[in-house]
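Everything below concerns the one structure shown next.
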Amino acid sequence: MKSYQIPFDRFLSIRAEVLKTWPTGEGLTLEDGLAYQRTLPPAKNFARAMATASREGRILLQPRAGVALIPDHIKLLQYLETEGEADLLPTTIDAYTRQNRYQEAANGIQKSLEARASLLNGFPAVNHGVAGCRQVVESVRSPIQVRHGTPDARLLAEITLAAGFTSFEGGGISYNIPYAKKVPLAKSIEDWKYVDRLVGWYEEQGIPINREPFGPLTGTLVPPFISHAVAIIEGVLALRQGVRSLTLGYGQGGNLIQDVAAMVTLKELAHEYFAREGFTDYELTTVFHQWMGGFPEDEAKAFAVICWGSTVAVFARADKIIAKSPHEAMGIPTKEANAQGLRASRQVINMLRDQKFAGGADFERETDLIRREVRCLLDKVYELGHGDLEAGTIAAFAAGVLDVPFAPAACNHGKILPMRDHEGYIRVFNRGQLPLSAEILDFHRSRLEERAKAEKREVCFQMVTDDIYAVSKGRLVGRPR
Amino acid sequence: MKSYQIPFDRFLSIRAEVLKTWPTGEGLTLEDGLAYQRTLPPAKNFARAMATASREGRILLQPRAGVALIPDHIKLLQYLETEGEADLLPTTIDAYTRQNRYQEAANGIQKSLEARASLLNGFPAVNHGVAGCRQVVESVRSPIQVRHGTPDARLLAEITLAAGFTSFEGGGISYNIPYAKKVPLAKSIEDWKYVDRLVGWYEEQGIPINREPFGPLTGTLVPPFISHAVAIIEGVLALRQGVRSLTLGYGQGGNLIQDVAAMVTLKELAHEYFAREGFTDYELTTVFHQWMGGFPEDEAKAFAVICWGSTVAVFARADKIIAKSPHEAMGIPTKEANAQGLRASRQVINMLRDQKFAGGADFERETDLIRREVRCLLDKVYELGHGDLEAGTIAAFAAGVLDVPFAPAACNHGKILPMRDHEGYIRVFNRGQLPLSAEILDFHRSRLEERAKAEKREVCFQMVTDDIYAVSKGRLVGRPR
Amino acid sequence: MNTPPINIVLGVIGFDCHSVGNKILEAFFTEQGFKVTNLGVMVSQEEFLQAAIETGAKAILVSSLYGHGEIDCVGLREKCREQGLDDILLYVGGNLVVGKTPFEQVEAKFKAMGYDRVFGPDCDLATVARLLREDLAARQRAD
Amino acid sequence: MNTPPINIVLGVIGFDCHSVGNKILEAFFTEQGFKVTNLGVMVSQEEFLQAAIETGAKAILVSSLYGHGEIDCVGLREKCREQGLDDILLYVGGNLVVGKTPFEQVEAKFKAMGYDRVFGPDCDLATVARLLREDLAARQRAD
Ligand code: B12
Ligand code: B12
């Protein structure tokens with residue numbers, strides 16, 4: 001088996017450069033991070049928590065949360081742990097840090113101090129440095145994950161892992177395409193190999209660190225097969241660098257059967273492709289994201305969206321749920337609103353966990369469809385890369401063979417248009433350059449025609465817009481008024 | 001076909017007595033009520049609204065609501081109509097009126113005036129009289145139903161129907177057993193025949209009035225076959241008096257498959273028994289009650305219970321949903337909280353209405369089971385009544401052949417104990433005198449044993465208590481701590 | 001304990017039909033070793049008094065769930081005094097007033113009516129039993 | 001209308017990546033007959049200015065969804081003046097500040113920064129287009 005792993009000496013020389021990019025990186029040693037990680041109790045290890053819960057069939061709940069200042073961030077996480085009954089904690093990073101704009105983040109910290117409120121949309125972990133981050137880790141009982149959206153997250157990973165965070169979200173595709181405008185894909189993939197190599201190093205030293213590619217991408221009408229293809233590729237890239245604990249994600253689409261089919265096939269296909277790449281020694285779990293698109297403003301309606309997400313997650317036997325809050329449409333939630341989203345989700349999980357999902361013919365059809373769709377894409381990616389997944393991926397994005405709807409990145413083709421069918425399944429309206437078989441495309445088209453007929457209009461772009469707004473306006477399918 | 005209808009002259013002589021029981025009844029003429037009903041636009045007719053929605057496959061939403069004073073009650077209903085997006089309005093009657101304690105109700109009105117807040121748990125429609133009730137009818141756009149819990153609702157029906165209400169909840173069994181202590185069943189059934197006869201009279205005159213037996217009974221772990229048996233009997237008794245528009249109800253049990261099976265079999269079995277009794281000319285619709293047992297106090301968790309109810313209702317294709325509010329565990333909801341429950345429910349309905357319920361083997365098993373269980377009970381009822389359903393019903397309650405769990409009424413046997421199985425289906429733990437076949441009882445027992453084994457305890461009374469508290473404590477099955 | 005069981009009276013006051021909690025309270029206090037006279041639902045103040053006198057009860061546990069508690073519960077303390085039940089304990093619990101109301105307000109209202117302790121629907125029964133024993137012991141000492 | 005189309009500039013300010021609303025706004029205002037220069041996401045104040053100057057735009061429509069609007073939007077009005085864009089219309093919309101905040105507060109804050117109109121995420125686009133036409137007409141009359 002060919003090794004794609006970054007050689008350790010090369011890793012170290014990149015590392016020296018990375019640490020220079022902001023003062024808090026200076027003097028950071030791998031050994032210090034490792035020593036600190038070794039002091040943490042197993043209960044604070046994210047990878048262990050995921051593995052144990054998955055084995056026991058428990059569904060873990062995790063919010064998103066991050067504010068500018070350390071004491072406030074600690075209070076927030078403690079509240080989510082106690083009042084929110086969260087199983088796993090996040091530290092969501094602010095958007096300046098995500099773009100490596102540490103000077104702007106510093107400005108945001110300053111302004112937040114003056115305003116006595118967070119003016120940043122997340123926790124600027126790089127600016128707070130290892131010591132600041134360790135304060136956070138030491139103030140809570142649960143494992144903490146870094147959640148962000150950073151094309152170049154090398155320094156962020158160095159600092160947070162050394163500080164005792166034990167899970168790191170993202171990937172070279174999923175943290176570029178939806179989150180950046182001008183970052184070349186080859187660059188972000190390269191930088192994320194570094195992150196995965198760092199995680200792999202901790203694994204080698206006996207410290208399991210969980211890695212979670214960002215499943216939902218733009219969160220907006222992403223057909224499951226597209227996010228699956230990306231998740232599987234990022235999984236392979238991570239495994240190649242020595243990652244062992246992998247959580248693949250999927251963002252709720254809205255139709256129960258499609259979503260359950262997606263969650264089931266995600267795990268199944270990932271195992272299949274990981275095996276094909278020669279990997280056997282890893283721990284694979286799944287995460288289901290409650291509805292990632294536009295939310296209704298009304299909090300009661302937002303609760304309905306949150307609860308429906310949890311319902312689907314339970315039927316899909318997700319290992320983890322990322323919960324939204326009733327404030328979603330309006331702004332970063334207060335700790336109270338955030339905890340409300342968690343408690344509503346908890347109630348759903350506990351009421352449904354003993355119940356079975358029925359399956360049935362439509363479910364079989366959808367699992368079969370997703371399998372075939374993903375194979376269409378990944379076969380072509382391998383072909384474009386002459387057998388190599390990484391090269392193939394870069395070529396595939398350039399050619400529109402992989403294409404994420406509504407994404408801002410210049411390196412994304414941006415031609416495909418998704419649309420809901422009559423029952424709310426997400427299908428493909430404009431395929432762009434997606435290499436789906438004629439048979440599959442016919443199926444999608446016929447499903448869309450069925451909807452158009454019922455709505456007495458042609459299949460048209462307006463339906464895409466209507467679908468984008470639909471959930472926030474109180475339905476799933478964007479019917480004409 | 002034998003006519004069970006109360007002869008009109010006998011009806012009139014009872015009527016004369018009924019109207020004397022409180023001053024607001026005096027001088028009330030049938031003709032005046034009829035003339036007023038004829039002035040109402042079809043859009044204000046509940047029976048028409050149910051029939052139309054059912055035909056079009058729309059699910060209607062209705063809250064519960066009632067306060068002591070007319071102006072406040074009007075404001076409440078208007079708010080639920082506009083901010084709550086309710087399709088159908090209620091007028092929930094206070095508990096003194098339900099027991100014909102009009103003097104106490106008058107006292108409650110007085111105290112409410114003094115306190116400038118409602119000290120009554122509902123709207124005292126009898127005290128407010130026809131004129132007062134008409135103010136309510138005229139202040140809203142939607143049809144209004146009287147929702148109560150009154151063993152002897154004759155005067156209440158006379159007044160509210162004359163005032164333009166177009167649906168009347170209850171029945172001789174369902175508004176006695178869960179709502180009274182010492183009222184003989186024969187008495188309440190007799191008094192409800194009068195109510196149904198009055199409704200039938202309006203029907204004869206061309207004014208459709210909807211009737212809705214109260215499905216959920218005590219709302220606490222009622223196995224579907226018990227409430228189905230009661231609903232079907234009350235349906236027959238109503239049809240016998242000339243009722244045409246009938247909405248049969250069911251209170252959510254908590255397990256999706258059992259609940260959908262219950263809703264499907266309710267309609268199917270009702271048609272079957274109505275045909276057997278010789279009825280063909282009626283409009284049958286269904287209502288699904290969101291969880292009627294103890295709620296969680298936390299409002300976020302209450303939203304989860306509300307949304308799960310709506311989810312099941314959509315999959316079960318109910319014609320109407322009675323919604324709860326996030327205040328349920330604590331007290332009669334404010335209008336805001338009530339509207340929140342409605343809006344959350346609306347969001348669920350609209351997100352799910354285009355989706356299909358899968359069915360499957362477990363679903364088949366449960367529909368088949370409920371059919372057999374209901375037949376066991378109703379066969380015995382007919383047998384005890386020597387072919388007559390009414391006589392059989394009274395005998396059946398005396399013998400425990402019909403038995404409602406946890407009910408307060410002395411005329412209820414009160415021996416059966418329900419319990420959840422491992423997947424949350426409501427089964428029978430102690431059968432009391434229920435005439436279920438040995439085969440059915442064995443099935444129930446084996447399902448309970450399965451749970452007990454998983455919980456490492458014997459099937460025991462503590463499990464019943466645990467199940468009663470379970471939803472309010474955040475789960476469905478009352479597992480040991 | 002070989003001491004004779006303590007008599008208590010239980011019931012749901014007024015025209016309130018909520019029977020589930022009442023059945024649970026009966027089972028619970030019986031299991032706790034009290035001698036429970038359960039009057040069930042829809043109990044008038046007079047019925048409570050009579051049962052307390054007949055059984056020599058040391059405490060009356062009044063439930064009100066349906067919202068009319070405020071109206072139904074007034075005057076029970078005075079009636080007890082009139083009947084010579086001077087130091088009988090009066091506990092009241094449930095959803096005592098109409099509408100979601102801060103517990104402190106509810107508690108103040110019912111304490112003013114003469115109830116010794118007031119409980120919300122979320123009360124922990126084990127705690128209630130402990131308090132009841134403590135309060136009874138305190139009364140005994142005071143005797 | 002045979003009048004030449006009105007140029008407007010559109011973009012999401014700062015380091016904000018939310019592209020969905022931006023794509024919709026572009027489609028909407030184009031359909032409404034405006035000549036839209038859409039700078040996409042992650043647009044700096046300088047890029048806005050340059051595009052407005054180059055296209056002779058009558059209005060700049062700034063989006064900010066991610067919460068840093070308060071930091072990112074300050075100073076754009078001043079920069080416009082410095083560049084001689086004295087009466088260019090500045091509209092701003094989206095989730096402008098961190099956290100759910102009463103709209104009046106948000107509006108006041110951004111009006112004080114020199115934005116002519118401020119919109120929440122729930123704004124009705126047809127109304128926005130109408131207001132934009134009215135405001136442009138009023139400016140023209142004032143000229
Ligand atoms: C989808 C989504 C994402 C996707 C975006 C994918 C993409 N590339 O577009 C992903 C997952 C990547 C994402 C990431 C983040 N997101 Co985001 N996201 C959303 C979400 C759920 C929907 C946004 C959307 O597409 N809506 C649909 C479109 C059609 O509506 P719209 O964007 O609101 O735009 C309309 C109106 O706002 C208005 N409008 C917008 N601009 C203007 C301008 C003018 C002049 C006018 C008149 C009108 C107008 O018209 C538009 C069309 O109708 C919203 C919450 C919500 N709305 O439910 C959060 C939200 C916007 N995100 C938020 C945040 C904070 C982030 C992150 C920083 C992560 C974090 N800390 O949580 C990162 C962004 C990092 C970065 N560098 O920018 C916050 C902003 C918080 C705040 N302001 O207090 C929100 C509100 C969620 C929340 N409650 O926390 N997000
Ligand atoms: C089931 C139910 C019903 C069933 C009752 C069936 C039956 N016969 O028992 C039905 C559907 C028939 C019903 C009817 C009505 N109900 Co009802 N019902 C409920 C519900 C959902 C659950 C009650 C229950 O069984 N809980 C489980 C048991 C175990 O808990 P519990 O009853 O609270 O009892 C515990 C505690 O309160 C405490 N406790 C109780 N008493 C005492 C006393 C002492 C001394 C102590 C220490 C503790 C204590 O210990 C008990 C055991 O743990 C509650 C709301 C809720 N809790 O979620 C509403 C509720 C109690 N009902 C309510 C009302 C108003 C009514 C009606 C008047 C209809 C209406 N207007 O809406 C009628 C009653 C008519 C009448 N004459 O009484 C209101 C009361 C409102 C208020 N106080 O502001 C509630 C709160 C719902 C609501 N939010 O509107 N109801």
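Here the structure is a predicted model, which is why all the values come from computation and not from measurement. To find a chain, count down the sequence lines: A is the first, B the second, and so on, and within it residues start at 1.
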**Item:** Options A:V464, A:L120, A:T220, A:T334, ranked by heavy-atom pairs under 4.5 Å with chain D, top entry
**Value:** A:L120

If you look at every heavy atom in [X] and [Y], which pair is closest and at what distance?
{"X": "D:S19", "Y": "A:F406", "value": "OG-O, 2.6 Å"}
{"X": "A:L119", "Y": "D:H68", "value": "O-CD2, 3.6 Å"}
{"X": "A:P178", "Y": "D:C17", "value": "O-SG, 3.5 Å"}

**Request:** Can you establish whether the number of heavy atoms outside A:E458 located under 6.0 Å from its atom CD is more than 12?
**Result:** no

**Prompt:** Does NZ belonging to D:K58 count more than 12 external heavy atoms closer than 6.0 Å?
**Reply:** no

Does the side chain of [X] reach to within under 4.5 Å of the side chain of [Y], using non-hydrogen atoms?
{"X": "A:Y469", "Y": "D:I24", "result": "yes"}
{"X": "D:I71", "Y": "A:E104", "result": "no"}
{"X": "A:Q99", "Y": "D:M42", "result": "yes"}
{"X": "D:P121", "Y": "A:E297", "result": "yes"}
{"X": "D:F15", "Y": "A:R98", "result": "no"}

**Asked** Any donor-acceptor pair under 3.5 Å linking the side chain of D:N95 with the backbone of A:A329?
**Response** yes

**Request:** Using modelled atom types only, decide if a donor and an acceptor are shared between the side chain of A:N121 and the backbone of D:G67 within a distance under 3.5 Å.
**Result:** no

**Message:** Which atoms of A:K182 are under 4.5 Å from chain D, going by heavy atoms: the side chain, the backbone, both sets, or neither?
**Reply:** side chain

**Item:** Portion of A:A407 that has a non-hydrogen atom of chain D nearer than 4.5 angstrom
**Value:** backbone

**Item:** Nearest-0.5 Å distance, OH of residue A:Y96 to CG of residue D:D72
**Value:** 3.5 Å

**Request:** Determine, for D:K100 against A:E299, whether the closest basic-nitrogen to carboxylate-oxygen distance falls under 4.0 angstrom.
**Result:** yes

